[in-house]
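Structure, as structure tokens:
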Amino acid sequence: MKFTNGYKNKRFPLKQNKKSRKIFLLEGMAGATISALLSSVFLAKFLDFLGISNSVAAIILQIPLFVAPVQLLSPLFFERFTKKLPYMRFCILTMRAMLIFSSFMAMAVTAPALRAAIMGVVFIGGYLISNFADPAWVDYQASIVPEKLRISFMGIRNPMMLFTGALSSLVMSFVLDHFINSGRQKEGFIVVFVSAAFFWLIDLFVVCKLREPVIRREKKKINLKDVITKPLKNKRFREVIAFGGIYQFSLQFANAFFSIYLVSVLKVPLAVATGLGVLSNLVRIIAGFWWGRASKRKSPIKIIIMSLIVLSATYSLWFFATGPVVFMYAVLILVNITAAIGLTGLTAGMFAVNTFCAPKEGRTLYFAFNSCFGNLVGFIASLVGATVNRAIGEYEFLLFGMRFHSVQILFLIEGFMMLVTAFYAAKVFRNGKHCPELRGEEK
């Protein structure tokens, strides 16, 4: 295969490949900053400022998950081209610009219903565009990062994104609180979104510096049936799809209840909750480098199994986040540290597994189906978790001389499910025949 990108020597230089990886790190940091200012706590506070009800706000916050199935259509478009990066640039920059612009539009009107409509419609459009390009971005990462560097690269990129996102959130939260305390809430949000627009300009500059190695492939017509059937027919990748579904179900079963329990049941102050989040991000940075070094000695599946065991212990320990204040905070600090370690290793390992087992021809197709399937299973798992929570009911009980809440039972269930997922990974990948690269031998 020839790798070209319009350079004078007609080949994609290894030096340029390394440069693109460095630029891709910067793009991730700029993107993480924009995302931090347009989602999570900032978005929830902004929707409350707009007078949008909690039920409608919850729907808007879940829009990224609702529109995930559009990823199935991604290969139908991107696999037609040898140069995909221009279209990927357009998608990611347009999406972020739409989210920023919708915020100013919503503040320009006064009716809460119209504000909700603007935010909802623009967010749906923006995330449809973003999700449409997501599989192509995964393929792009795989094309610029050699196989032996993939876990270590993700172990650096993800923590750097987390750090910049956490830092920007921390700084802008103080800025926004200053404006709110002085009775100028609208001006505070304007400062937040103008800051997001500034980082969008930086992102524009960085994204335009990216280059891609273009693989000359035989052009084949792809339809929606291929997007669904080809990944399922591929024995190597079918194992990845099944594992991804089981993992997402285990992860999302009680995921939404951790923050609810922290704020609503334990009544932890917001400043403390933010501090725990910053601690978690700092640990993920350190853990990223550690997992990167471990990837030189351990196979991807061993890293995944180790991470799942850590997460199993973490979610089980959440059950004991109660009792005396000192003991409770000690448990909260511990679970935030261990969760950061486990999730960092799992993210890096999953990226390696996906790229190892997916065929190089039409790789976007496989990434699209796997991502879509995982998101749908995760959404179903969150509904199952909510149903179980309603079935259990809201009550407190005494155990070991400490007072527990019924929602903590979900944490024990999720911890057990993570352990089952680890056993499944060990059974399928380490003993499987279809993807021998992922067996658990030492490298």
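Residue indices begin at 1 and follow the sequence shown.
The main-chain N or O of G415 is found under 3.5 Å from a side-chain atom of S312 such that the two form a donor-acceptor pair. A distance-only check finds a donor-acceptor pair linking the side chain of W291 to the backbone of I341 [under 3.5 Å]. Looking only at distances, no side-chain donor or acceptor of N389 sits under 3.5 Å from a matching main-chain atom of G385. Between the side chain of R238 and the main chain of P231, no donor-acceptor pair closer than 3.5 Å is present. Under a 3.5 Å cut-off, the side chain of Q252 and the backbone N or O of G378 do not form any donor-acceptor pair. At least one donor-acceptor pair under 3.5 Å links the side chain of E414 to the backbone N or O of A254.
By the side chain to side chain contact (heavy atoms under 4.5 Å, CB included) test, A340 is found to be paired with S280, V283, R284, residues two or more places apart in sequence or in another chain being considered. Under the rule for a side-chain hydrogen bond (donor to acceptor under 3.5 Å, both in side chains), S102 has no partner lying at least two apart in sequence or in another chain.
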side-chain contact (heavy atoms from CB on, under 4.5 Å), that's the test. Do Q71 and F132 meet it? Break it down for me. CA-CA 5 Å; Q71 294 179 3; F132 182 71; over 6 Å; no
Assess whether side-chain contact (heavy atoms from CB on, under 4.5 Å) is satisfied between L210 and I144, documenting all intermediate values. CA-CA 10 Å; L210 288 172; I144 64 172; 5.7 Å; no
Stepwise side-chain contact (heavy atoms from CB on, under 4.5 Å) check, F199 with I202: CA-CA 5 Å; F199 282 101; I202 296 176; 4.0 Å; yes
In sequence, state the C-alpha distance, the side-chain angles, and the governing distance for L232 and F237, and then conclude on side-chain contact (heavy atoms from CB on, under 4.5 Å). CA-CA 7 Å; L232 293 174; F237 203 72; over 6 Å; no
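Side-chain atoms of L43 and M119, non-hydrogen and from C-beta on, do get closer than 4.5 Å to each other. Contact of the L204 side chain with the C208 side chain is registered, since non-hydrogen atoms from C-beta on lie closer than 4.5 Å. Taking the side chain as every heavy atom from C-beta outward, F46 and S103 approach each other to under 4.5 Å. No side-chain heavy atom of L37 sits less than 4.5 Å from a side-chain heavy atom of F193. In this structure, M88 and F78 have side chains that are in contact, with non-hydrogen atoms separated by less than 4.5 Å. In this structure, the side chains of F369 and K230 stay at 4.5 Å or more apart for every pair of heavy atoms. L317 is not listed as a side-chain neighbour of F411, based on a closest heavy-atom distance of 4.5 Å or more.
In this structure, CD1 in I118 is found 9.5 Å from CZ in F101, a value given to the nearest 0.5 Å. Here the straight-line distance linking atom CE of M172 with atom OG of S195 works out to 3.5 Å at 0.5 Å rounding. Going from atom CG of D203 over to atom CE of M29 covers 12.0 Å, rounded to the nearest 0.5 Å. Distance CG/L308 to CG/L251: 9.5 Å, rounded to 0.5 Å. Note: M95 CE to I34 CD1 = 9.5 Å, rounded to the nearest 0.5 Å. Between the CD1 atom in I286 and the OG1 atom in T344 there is a gap of 10.5 Å [rounded to 0.5 Å].
Outside the 6.0 Å centre-distance limit, the rings of F416 and Y315 are not counted as a close aromatic pair. Taking the six-membered ring wherever Trp is involved, the centroid distance between the rings of F77 and F81 falls below 6.0 Å.
Just one residue in the list I303, I305, V310, I304 forms a side-chain contact (heavy atoms from CB on, under 4.5 Å) with L346, and that residue is I304.
The heavy-atom pair separating M161 from A32 by the smallest distance is O-CB, 3.3 Å. For the residue pair I241 and N370, the shortest heavy atom distance occurs at CA-OD1, 3.5 Å. The two residues G165 and A36 have their closest heavy-atom pair at O-CB, 3.6 Å. When all heavy atoms are compared, the tightest approach of S130 to I92 is OG-CD1, 4.5 Å. Residues F320 and V331 approach most closely at O-CG2, 3.7 Å, considering heavy atoms. Listed here is the closest heavy atom pair of P69 and C372: CA-SG, 3.4 Å.
In this structure, F24 and W137 have parallel ring planes: the angle between them is below the 30° cut-off, well short of the 60° mark.
Residue F104 places its CZ atom among more than 12 non-hydrogen atoms of other residues, nucleotides or ligands, all under 6.0 Å distant. Within 6.0 Å of atom CZ in F163, 12 or fewer heavy atoms from other residues, nucleotides or ligands are found, so the atom counts as exposed in its surroundings.
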Show me the side-chain donor-acceptor pairs of residues 417-425 shorter than 3.5 Å, one per line, residues at least two apart or across chains.
unit_1: T421; atom_1: OG1; unit_2: S250; atom_2: OG; d: 2.9
unit_1: T421; atom_1: OG1; unit_2: M417; atom_2: O; d: 2.8

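Salt bridge R96/E27: present, at least one basic N to carboxylate O contact under 4.0 Å.
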